[in-house]
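The next block holds one structure in the form of C-alpha cells; read it before the comments.
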Protein chains: 2
Amino acid sequence: MSTLTPPPRHPAGLAQKLADSGLRSTPQRELVYEVLLTKRDHPTADEVFARVKPELPGISLATVYNCLETLVQCDLVRAVNFERGPTRYCPNLRPHAHFHDEVTGQTHDVDLPETLFTKLKSELPPGFDANAVEITFRGKAKSCAN
Amino acid sequence: MSTLTPPPRHPAGLAQKLADSGLRSTPQRELVYEVLLTKRDHPTADEVFARVKPELPGISLATVYNCLETLVQCDLVRAVNFERGPTRYCPNLRPHAHFHDEVTGQTHDVDLPETLFTKLKSELPPGFDANAVEITFRGKAKSCAN
DNA sequence: GCCTTCTTTAGAATTATTCTAATTATCGCT
DNA sequence: AGCGATAATTAGAATAATTCTAAAGAAGGC
C-alpha cells in the first residue's frame with residue numbers, strides 16, 4: 001500500500017502564507033487556525049487553548065500564544081482588544097468593524113464599505129499617515145434573527 | 001486673619017460632577033484629574049502614579065486606580081485600550097479618534113466632525129444600536145510642527 | 001544518517017489590575 | 001465640639017494575562 005497524504009482539513013492558504021514568511025506548517029498552527037475559522041466568536045487565547053486541547057492533548061498554552069502571534073504576523077488573523085481584558089482573535093480579513101454587545105459581552109463582525117475606511121483616513125490632518133483603522137461600536141444588539 | 005479658602009487649581013467641573021454621582025472631591029481625585037489635564041499624553045495608571053507622587057507622596061497605586069476608575073464613571077475621563085498593554089486615560093471628552101504612532105508609540109487625539117460618528121452609526125445593520133464608537137488609526141505621524 | 005534550524009513544551013517570571021481588611025477622613029447631626 | 005455613619009485611602013496579597021527561559025523534540029537539507 002502506498003503512503004497516502006491525508007487530505008488537509010485546513011485552508012490551503014495557511015501553509016503557503018507561513019512559507020512566505022519562512023515558517024513551517026505544523027499541526028499546532030494548523031489546528032489553532034482551524035479553530036479560529038470554525039467558531040468565529042473572537043475567542044481569547046485561553047478559549048482557543050480549550051478548544052484545541054481535545055484534538056491535541058499535549059499542546060501547551062504557550063504554544064497557543066505562539067501560534068496566534070505567528071498567525072497575526074502572517075496576516076492571517078487579527079488581534080483585537082476591547083477595554084481591559086484578554087486579547088481576542090479574529091480570522092476575518094475583510095475590512096470590517098466590531099460591535100461589542102454590552103449586555104451579552106459578545107463581539108460581532110460588522111462589514112462596512114471599504115469607501116468608509118478610505119474616507120476616514122482622508123479626514124486625518126496633514127502629517128498623519130494611517131495604514132490601518134480600527135472601528136469599535138459599543139451598545140446593544142437586539143438580534144432580529146436570533 | 002480670617003480663614004481663606006485656597007483657590008482651586010483644578011477645574012470647577014470636577015467637584016460638581018463627583019457630587020452628581022454622590023461622590024466626594026478629595027485631594028487624590030483632584031490631583032489625578034489635574035495630572036491628566038496637564039499632560040495629555042494618554043498616560044497609564046503607573047505613569048499617573050509617578051506624576052502624582054511628588055505632590056502627594058503618601059498616595060498609593062491602588063488609589064490611583066480607584067481615582068481613575070471613578071473619573072471614568074463620572075464621564076470626566078475616557079479609558080482607552082490599544083493592543084495589549086495597560087489601559088490609558090484621556091481627559092478629552094469631545095468626540096475624537098486616536099492616532100497611534102507605530103514608530104514613537106505615542107498616541108495623538110484627532111478631532112473628527114461629529115457628523116462622521118453619526119454617519120458611522122447609521123451604517124450599522126438593523127438590530128444594532130450603538131451608543132459609542134471608537135476609532136483608532138495606526139501608522140506614522142511625520143509631525144510637520146515638531 | 002547527521003547537523004542545523006525551527007518549534008514546542010513546562011514552568012518560572014513579569015506585568016497589569018483587582019481584592020481585602022484595616023485605617024483614616026469627612027459629613028451630618030446634636 | 002463631639003459622635004456615629006459612611007466614604008475613601010492604604011499596603012499588601014491575590015489574580016489574570018502574557019512573556020520568557022531553557023531544554024527537549026521534530027523537520028529539512030545535504
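Keep in mind that what you see is a predicted model, and the values were worked out from it rather than measured. Chain A is the first sequence line, chain B the second, and so forth, proteins listed ahead of strands; every chain is numbered from 1.
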On DNA chain C, does the nearest nucleotide to B:P27 precede the nearest nucleotide to A:P27 from the 5' side, or the other way round? Give the residue.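 Its nearest nucleotide lies further toward 5', so the answer is A:P27.
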How close or far is atom [atom2] of [N] from atom [atom1] of [X], stated in whole angstroms?
{"X": "B:L23", "N": "D:dA7", "atom1": "CG", "atom2": "P", "result": "9 Å"}
{"X": "B:R24", "N": "D:dA5", "atom1": "CZ", "atom2": "P", "result": "14 Å"}
{"X": "B:L31", "N": "D:dT10", "atom1": "CG", "atom2": "C1'", "result": "16 Å"}
{"X": "A:I59", "N": "D:dG25", "atom1": "CD1", "atom2": "C1'", "result": "15 Å"}
{"X": "B:L68", "N": "D:dA8", "atom1": "CG", "atom2": "C1'", "result": "15 Å"}
{"X": "A:R29", "N": "D:dA26", "atom1": "CZ", "atom2": "C1'", "result": "12 Å"}

Give a yes/no answer on whether the side chain of B:T63 brings an N or O atom under 4.0 Å of OP1 or OP2 in D:dT10.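 Yes.
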Residue-phosphate contact under 4.0 Å: B:T26 side-chain N/O, D:dT9 OP1/OP2: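 Yes, B:T26 has a side-chain N/O under 4.0 Å of OP1/OP2 on D:dT9.
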Pair A:H98, A:H100 - check side chain to side chain donor-acceptor pair (under 3.5 Å), show working. CA-CA 6 Å; A:H98 288 115; A:H100 188 76; over 6 Å; no
Do [X] side-chain atoms and [Y] backbone N/O form a donor-acceptor pair below 3.5 Å?
{"X": "B:T63", "Y": "B:I59", "value": "no"}
{"X": "A:R29", "Y": "A:T26", "value": "no"}
{"X": "A:T38", "Y": "A:E34", "value": "yes"}

Testing the 3.5 Å rule here: is there a donor-acceptor pair between the side chains of B:N81 and A:N81?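 Short answer, no.
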Across the strands shown, which category fits B:G58 at heavy-atom distances under 4.0 angstrom: base, sugar-phosphate, nothing?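 B:G58: backbone/sugar contact only, no base atoms under 4.0 Å.
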Please determine if [X] and [Y] form a salt bridge, counting it only when a charged side-chain N lies under 4.0 Å from a carboxylate O.
{"X": "B:E47", "Y": "B:K53", "value": "no"}
{"X": "B:R94", "Y": "B:D111", "value": "yes"}
{"X": "A:R51", "Y": "A:D46", "value": "no"}

Taking the six-membered ring for Trp, is the centroid-to-centroid distance between B:F137 and B:H108 below 6.0 Å?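 No, they do not, as the ring centres are separated by 6.0 Å or more.
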Range on DNA chain C touched by chain B - first to last nucleotide, heavy-atom distance under 4.0 Å: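 Contacts span C:dA16 to C:dC27, reading 5' to 3'.
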Close N/O contacts between protein and nucleotides 13-19 of chain D (under 3.5 Å):
| unit_1 | atom_1 | unit_2 | atom_2 | d |
| --- | --- | --- | --- | --- |
| D:dT18 | OP1 | A:T87 | N | 2.8 |
| D:dT18 | OP1 | A:T87 | OG1 | 3.0 |
| D:dT18 | OP2 | A:Y65 | OH | 2.7 |
| D:dT18 | O5' | A:Y65 | OH | 3.4 |

